[in-house]
Amino acid sequence: DVIDGNAQMVFGSASSDRPYIQFKHNALPVDGEEISIMDFSSVNSASQGVRYGIIIGVAEDISDGTEDGAMRFLTMTNGTATQTMTLRSGQVGIGTNNPAQKLDVVGKMKISDDIILAQTNGRIDYDNGVSSGALRFFSTSGNTERMRITSSGNVGIGMTTPYTKLVVGTRGTAAATSISAYDGIAF
């Protein structure tokens with residue numbers, strides 16, 4: 001054991017002889033207080049000390065019976081320690097330190113395989129915080145919008161402002177093919 005004031009580090013083995021390291025804060029923390037830090041440091045090309053990675057343990061709620069904790073992961077990005085990921089109260093945040101869902105991502109995502117919705121009522125839900133939000137689909141060449149579902153339920157393929165339930169093509173272009181379906185009309 002290493003003890004320095006209220007900080008204690010315990011080295012040992014768990015019941016099955018597995019290595020065990022405990023970082024212990026021996027003083028009563030307050031809600032939101034950092035209680036332990038793992039620091040991954042080295043030097044840069046100018047021989048200056050740099051913290052390349054940091055893991056911080058946080059006591060989010062210290063109330064008996066409702067305790068919540070967090071782990072914050074920081075990485076060095078262009079010379080600045082940047083909070084990269086947070087594990088908090090059973091939720092994961094990437095780009096946010098206060099995740100509101102099981103996985104809460106702030107910023108762009110790249111997914112290199114399928115997205116599978118394995119729930120009976122699975123859905124893709126887009127909400128940009130305004131009533132005029134739309135679900136938009138883009139092509140990879142030229143970042144061109146190819147299809148849109150508006151907040152009113154209109155679908156446009158090749159049109160960004162569909163004026164009926166389904167519009168295919170562009171409005172006002174002679175060569176474009178448009179299909180508009182109205183209530184009660186079937187093809």
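Hydrogens, waters and symmetry mates play no part in the numbers below; they use all other heavy atoms, side chains included.
Side-chain contact between Ile157 and Met159 is absent, with no heavy atoms from C-beta onward closer than 4.5 Å. Using a 4.5 Å cut-off on side-chain heavy atoms (C-beta onward), Ile62 and Pro29 make contact. In this structure, the side chains of Val155 and Lys165 stay at 4.5 Å or more apart for every pair of heavy atoms.
Note on residues 62-80: pairs passing salt bridge (Lys or Arg N to Asp or Glu O under 4.0 Å), not counting sequence neighbours, are Glu60-Arg72.
Between Leu135 atom CG and Ile149 atom CD1 the span is 5.0 Å, to the nearest 0.5 Å. In this structure, the separation between CG on Asn97 and CD on Gln83 is 5.0 Å, given to the nearest 0.5 Å.
Contacts of Glu33 classified as salt bridge (Lys or Arg N to Asp or Glu O under 4.0 Å), with partners at least two apart in sequence or in another chain: none. The salt bridge (Lys or Arg N to Asp or Glu O under 4.0 Å) search around Asp39 returns Arg51, not counting sequence neighbours.
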Donor-acceptor pairs are to be reported for all side-chain atoms of residues 42-49 against protein atoms at under 3.5 Å, with residues two or more places apart or in another chain.
unit_1: Asn44; atom_1: OD1; unit_2: Ala46; atom_2: N; d: 2.9
unit_1: Asn44; atom_1: OD1; unit_2: Ser47; atom_2: N; d: 3.3
unit_1: Asn44; atom_1: OD1; unit_2: Gln48; atom_2: N; d: 2.9
unit_1: Asn44; atom_1: ND2; unit_2: Gln48; atom_2: OE1; d: 2.9

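Hydrophobic cluster membership for Val50: Tyr52, Met76 (Ile, Leu, Val, Met, Phe, Trp, Tyr linked by side-chain heavy atoms under 4.5 Å, directly or transitively). Members clustered with Ile54: Ile37, Ile56, Val58, Leu74, by chain and number, using a 4.5 Å side-chain heavy-atom cutoff among hydrophobic residues.
For the 3.5 Å distance criterion, the side chains of Asp104 and Thr96 fail to qualify, holding no donor opposite an acceptor. Judged by distance alone, the side chains of Asn98 and Arg88 do bring a donor and an acceptor atom under 3.5 Å apart. Counted by atom type alone, Ser152 and Thr150 present one or more donor-acceptor pairs between their side chains at under 3.5 Å.
Taking each heavy atom of Asp31 and Asp61 in turn, the nearest pair found is OD1-CA, 3.3 Å. When all heavy atoms of Phe40 and Met38 are compared, the pair lying nearest together is CZ-CE, 3.8 Å. Across all non-hydrogen atoms, the minimal contact from Asn154 to Pro162 is ND2-O, 3.2 Å.
Hydrophobic cluster membership differs between Phe23 and Ile35, with clusters built from Ile, Leu, Val, Met, Phe, Trp and Tyr side chains linked at under 4.5 angstrom. In the hydrophobic cluster analysis, where Ile, Leu, Val, Met, Phe, Trp and Tyr join through side-chain heavy atoms closer than 4.5 angstrom, Ile111 is grouped apart from Val106.
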